[in-house]
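First comes the structure, then the notes that go with it.
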2 protein chains.
Amino acid sequence: MTMDRRVLVPIERPFVTVDLVILTVRNDRLEVLLVRRPATTGEPYPGLWALPGGFIDVGQDATLEDCARRKLREKTGVESPYLEQLGSYGSASRDPRGWSVTQVYFALIPDEGIALRPGGNADTAAWWSIPEGSTNLGMDLAFDHAALLTAALERLRSKVEYTSLPAFLLPREFTLPELQRAYEIVLGREVEKSAFRRRVLDAEVIRKIPKKTRLTERRPAQLYRLKDEANLKTFARAFGQGKRGG
Amino acid sequence: MTMDRRVLVPIERPFVTVDLVILTVRNDRLEVLLVRRPATTGEPYPGLWALPGGFIDVGQDATLEDCARRKLREKTGVESPYLEQLGSYGSASRDPRGWSVTQVYFALIPDEGIALRPGGNADTAAWWSIPEGSTNLGMDLAFDHAALLTAALERLRSKVEYTSLPAFLLPREFTLPELQRAYEIVLGREVEKSAFRRRVLDAEVIRKIPKKTRLTERRPAQLYRLKDEANLKTFARAFGQGKRGG
DNA sequence: TCAATAGTGTCTCTTAGACACTATCGT
DNA sequence: ACGATAGTGTCTAAGAGACACTATTGA
């Protein structure tokens, strides 16, 4: 940032928030975590569902990302998710209380041992299922959150074409068929088994672990784990868009 | 955004700015526009070079992007550049004056008829040449602007692999050899002519116009124009990383 | 006719899709 | 043995790199 004015603070400041699009795979579906806005009168959009988020706590949060991590932890207990900044949205009109800017992050977490924690406001948190291939929930959300959700889903889908992102939606140990299914759920289309396995294996983003699934109905499957859970890997080549040629 | 607190405004607000990474191709080089910070004591980083930017004017700017466009216009006179949000950077420490968040945009503009306008502070604006293949200027910038510039260059390079972005660095009418050269300047490596032309032409992002270059030394070249100047097009397939296989 | 740049044709190698095939489990 | 899912081999087609080739200008 730079200051082009001589006066320092008298300029009115927009207010700043952080919102989260928290996604997971549950019940063979992509799901997003929403919270219900308090019904208190005076609050904007009372009773509507919204993305979890809130103000930056300048005393507590050292950085924007810290703030996002804190909010994620408060809601889900998850400590180290895949977290990525989606972008920021600011305008005079998006919040009836005044000029506001929100920093949107999206998080991918596995659906294992997550205990949703109601916020301090006794608001309820719940998972909402996203229809296959859709980029919205087909219902109104508070503020511009429906647009933010759509942007997050589009970003996820486009990155999935050339990254290992869906692995973050699964437990630490997973099989290739499970990973393939996660890709299919996110993309909203079927993926060819042989090409999928070649691609994922050739990219060397996952590591075989000396274990197989047991207690399964039929043939057990090899278990894998992300090689580097901290970092997202990019594939050398992208998925195609289905059929080749034309 | 959502409010999880009952209290409304007593929470301290970070201050919010918009910064711009304005890039063009000049002198067969990628160049970035910087402004010199005022030498006034009391101002942070006096005399250092910085990205152009400043506070949001909540009275004047309807949205974040409007604010970015206004600042670009004020500095360069350019009205409709390629403009994309890079991301936001916020922390307690990036500005000595307090918790701040900046929204970084990057703009690609053609080097034609641009008259740099000094800011109201009598600060000077100048183009700085980015060394081929480098992601920084090799000198200190104010605030965290060196990091912001690096992020912008990395984003540009990665998007160039699969989009028509470099066309926005050229005048409206350009030849394929010129476009190829723009790709090479951005990527910092040579690009194979035949494959390049096939790819760009097959992607149908540019349109032949019924004119050729004249007054040129040797054989004239066909002129082209972006088909849709407003929208960025994505190629079906990415550039490779140079030699194949290996 | 030559130098120089614009633009094309074609060979090869790699890889994604398709799909049939084999492998390994519980019952 | 059989059903079901896990996992592999192989054929084909298309795109990218490489590079030699042709085309069109000014001098």
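Letters go in sequence order (proteins before strands), and every chain restarts at 1.
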Output the single nucleotide from D:dC19, D:dT25, C:dA16 whose closest atom is nearest the side chain of A:Ala195. C:dA16
Identify whether the distance between the nearest side-chain nitrogen and carboxylate oxygen of B:Arg189 and B:Glu132 falls below 4.0 Å. no
Grab the CD-P distance between B:Glu178 and C:dG7 for me, whole Å please. 10 Å
Can you tell me if B:Arg197 touches the phosphate of C:dG7, counting only side-chain N or O atoms and a distance under 4.0 Å to OP1 or OP2? yes
Give, for atom CZ of B:Arg181 and atom CG of B:Leu169, the distance between the pair rounded to the nearest 0.5 Å. 12.5 Å
Give a yes or no on whether a salt bridge exists between A:Glu112 and A:Arg172, defined as a side-chain N under 4.0 angstrom from a carboxylate O. no
Between C1' on C:dG17 and CG on A:Leu187, what's the gap in Å once rounded to a whole number? 16 Å
Given D:dA18, C:dA6, C:dA4, the nucleotide with the shortest approach to the side chain of B:Lys193: C:dA6
Once you round it to whole Å, what is the distance between P of D:dA23 and CD of B:Gln222? 18 Å
When only distance counts, do a donor and an acceptor, one from the side chain of A:Arg198 and one from the base of C:dG17, lie under 3.5 Å apart? yes
B:Asp202 CG to D:dG17 P, in whole Å, measures 13 Å
Answer with yes or no whether B:Ser194 presents, from its side chain, a donor or acceptor under 3.5 Å of a partner atom in the base of C:dG9. yes
Length of the CD-P vector between A:Glu192 and D:dT10, whole Å: 16 Å
Ion pair check, A:Arg69 and A:Glu79, cut-off under 4.0 Å: no
Interatomic distance, A:Arg181 CZ vs D:dG7 P [rounded to whole Å]: 17 Å
Do B:Arg219 side-chain and C:dA4 base share a donor-acceptor contact under 3.5 Å? no
